[in-house]
Amino acid sequence: MIDAAIVGLMLLAIIALLGLSSSMLTNLKVHYVTSGGIFLEKVHVASYCVFLAFALCLIRHGNPINGLLSSLAGARLTFVLFLCWIALFFQIVVLKRPFTTIIDSFLLPPMICLVVWQLTASQRRVLALAFHAGILLNVVLGYYEYFSGNRLIPLTVGDIVVYGEWRSAALLGHPLTASGLIAAYVMTLVVRPAILPSAIRLPVTAFCFVSLMAFGGRTALITTLFVIGALLGWKSLRLAFGGRISLLGIIVAMCIVSLLAGAVAIAFDSGIFDKMLMRFSSDKGSALARFATLHLLSYLDWTELILGADPNRITALQSQLGLNYGIENFWISCVTQFGLVHTALLTIGLLCFFIDLTRRSDRGVWAIYLLMLMIAASSVSFSSKNIQLAQFVVLITLLLPKERQAERHQIQRSRVSPRFAAAYGVR
């Protein structure tokens, strides 16, 4: 029953991560990113589900302390992130600044891993199927928004409703968030084809890749093209230096190229590429906004640079410099909020967490890391109050686990330790 409850809570967390964006919550009159409301509204639904699931993991064998030590024993470097998070939490509380931002942004992702890493392969498979379904639903809704011109959920930035935006957002709340996650999903299907059955793998990959034109994320599109091009180049080099490929593989590859060429021609004729091409030709001030982001640091004194500035002052500076949609760089935004010291600590903690995550993941995870790095350097991304980092972590843990390690973990779960057996009379 406890295992079923854990899986059920994680299913709810995945549904919340892929369907309850900040714009959706604002539309539902929940004060998640808007002013007002009670404290409970300031934490995302997915966080509640994951924290409850972790609590059930601790009491599953009747000894929460041993459960906690067992969870952290397999994630020693992730514990560094928790220590950095606690230090940042105390600074924010002492300076009397809002602290709910760091719960969803930086505490939720490692907590997801601590829960998922304790699940069996069959339990993970159920969650992975739910994740596939959620992604494909968002892709379908993205196409609907693009071709119909009707937005399912009003696009909001805080309390402000954004009009005149052609890019789709679906249930993910923002075009850049949607394009980043869909691009990561496409990369995952490319670097690890075994995720889906061979009969539907290519159509699903093409269907999701073309949707990047509807979501309109330039960074996500360019990074995806780079990863696909690099993989094709590597395969070509292997063939050039004596690698072998079966005759059936050559025939299938020729058919795939022909079908892709026809699909691209049809999509181009439908006009789906037009608006995306206009975004490349017309920057609309994005480059100037990034220069203004660098210039913003010159307005801060040394105390503000070390400990972070008052949120109201940063908001005023953003309005003065024309940064109405936020500071489009993860590290600069963190410096303005938390200061240089805690930005450095947070970066070290995240690096330690990603080392642990890499050890438990397939080598294709490096393509996702490249995309995350590009997004962090070119947009507000993970520095604001959102669940974007948690979405990437769920994708990695569910779709890119290291198979041998997952099997070993399942074997360990099926065996009962001698101490546990002696304590509870289990043979």
Considering only heavy atoms from C-beta outward, does the side chain of Leu81 approach that of Leu350 to under 4.5 Å? yes
For Met10 and Val116, work out which heavy atoms get closest and say how close. CE-CG2, 4.0 Å
In the structure I gave you, are the side-chain heavy atoms of Ser21 and Leu172 within less than 4.5 Å of one another anywhere? no
Classify the ring geometry between Phe99 and Phe39 as parallel (under 30°), tilted (30 to 60°) or perpendicular (over 60°). tilted
What are the two closest non-hydrogen atoms of Leu399 and His132, and how far apart are they? CD2-NE2, 3.6 Å
As an exercise, state the distance from CG of Leu20 to OH of Tyr32, rounded to the nearest 0.5 Å. 10.5 Å
Closest approach of Trp117 and Ala75, non-hydrogen atoms and distance? CZ3-CB, 3.8 Å
Please examine the side chains of Leu225 and Phe209, heavy atoms only from C-beta on, and report whether any two atoms are closer than 4.5 Å. yes
Roughly how far, to the nearest 0.5 Å, is the OH atom of Tyr146 from the CH2 atom of Trp166? 5.5 Å
Pair Leu107, Phe89 - check side-chain contact (heavy atoms from CB on, under 4.5 Å), show working. CA-CA 11 Å; Leu107 183 60; Phe89 174 79; over 6 Å; no
Lys/Arg N to Asp/Glu carboxylate O, Asp104 vs Lys385, below 4.0 Å: no
When rounded to the nearest 0.5 angstrom, what distance separates CZ in Arg97 from CG in Asn312? 10.5 Å
What is the minimum heavy-atom distance between Ser23 and Pro154, and which atoms define it? CB-O, 3.7 Å
Out of Ile368, Val365, Leu196, which residue meets the side-chain contact (heavy atoms from CB on, under 4.5 Å) rule with Thr188? Ile368
Return yes if some donor-acceptor pair links the side-chain N/O of Thr336 with the main-chain N/O of Ser333 below 3.5 Å, else return no. yes
Check whether the side chains of Thr120 and Ser122 place a donor and an acceptor atom closer than 3.5 Å, and report yes or no. yes
Tell me, with the steps shown, if Glu41 and Leu25 meet side-chain contact (heavy atoms from CB on, under 4.5 Å). CA-CA 9 Å; Glu41 296 180 73; Leu25 293 173; over 6 Å; no
Is Phe51 atom CZ crowded by more than 12 heavy atoms from other residues, nucleotides or ligands, each under 6.0 Å away? yes
Between Asn138 and Tyr185, is there a side-chain donor-acceptor contact under 3.5 Å, judged purely by atom types and distance? no
Would you name the heavy atoms of Thr397 and Val394 that are closest together and state the gap between them? OG1-O, 3.1 Å
For Tyr48 and Leu12: C-alpha separation, side-chain torsions, deciding distance, then whether side-chain contact (heavy atoms from CB on, under 4.5 Å) applies. CA-CA 10 Å; Tyr48 289 116; Leu12 291 176; over 6 Å; no
Can you find a heavy atom in the side chain of Leu171 that is under 4.5 Å from one in the side chain of Leu18? no
Would you confirm whether Arg124, through its side chain, and Pro401, through its main-chain N or O, come within 3.5 Å as a donor-acceptor pair? no
Okay, side chain of Gln91, backbone of Leu88: is any donor-acceptor separation there less than 3.5 Å? no
Would you mind reporting whether Gln118 and Ile6 have side-chain heavy atoms less than 4.5 Å apart? no
Are any of the side-chain heavy atoms of Thr26 and Ile153 separated by less than 4.5 Å? no
State whether the number of non-hydrogen atoms from other residues, nucleotides or ligands found under 6.0 Å of Phe226 atom CZ is greater than 12. no
Within the distance-only criterion (no hydrogens, no angle test), does the side chain of Thr343 pair as donor or acceptor with the backbone N or O of Cys334 below 3.5 angstrom? yes
Looking at CD of Gln391 and CG of Leu181, how far apart are the two atoms once the value is rounded to the nearest 0.5 Å? 5.0 Å
Which heavy atom in Ser179 sits nearest to a heavy atom in Ala220, and how many Å separate them? O-CB, 3.5 Å
Ile2 side, atom CD1; Cys57 side, atom SG - distance, nearest 0.5 Å: 9.5 Å
Just do the side-chain contact (heavy atoms from CB on, under 4.5 Å) check on Leu56 and Leu52 with the steps written out, would you? CA-CA 6 Å; Leu56 291 178; Leu52 284 173; 5.7 Å; no
Thr177 side chain near Asn386 side chain, heavy-atom distance below 4.5 Å: no
With no hydrogens and no angle check, is any side-chain donor or acceptor of Glu145 less than 3.5 Å from a backbone partner on Leu152? yes
Arg313, CZ atom: more than 12 neighbouring heavy atoms under 6.0 Å: yes
Using the ring centroid of each side chain, check whether Trp85 and Phe82 are separated by less than 6.0 Å. no
Within a strict 4.5 Å, meaning less than it, do heavy atoms of the Leu176 and Arg167 side chains meet? yes
Euclidean distance, Leu389 CG relative to Leu108 CG, rounded to 0.5 Å: 8.5 Å
Is there a donor-acceptor pair under 3.5 Å between the side chain of Ser148 and the backbone N or O of Tyr144? yes
Parallel under 30°, tilted from 30 to 60°, perpendicular over 60°: which one fits the rings of Tyr143 and Phe207? tilted
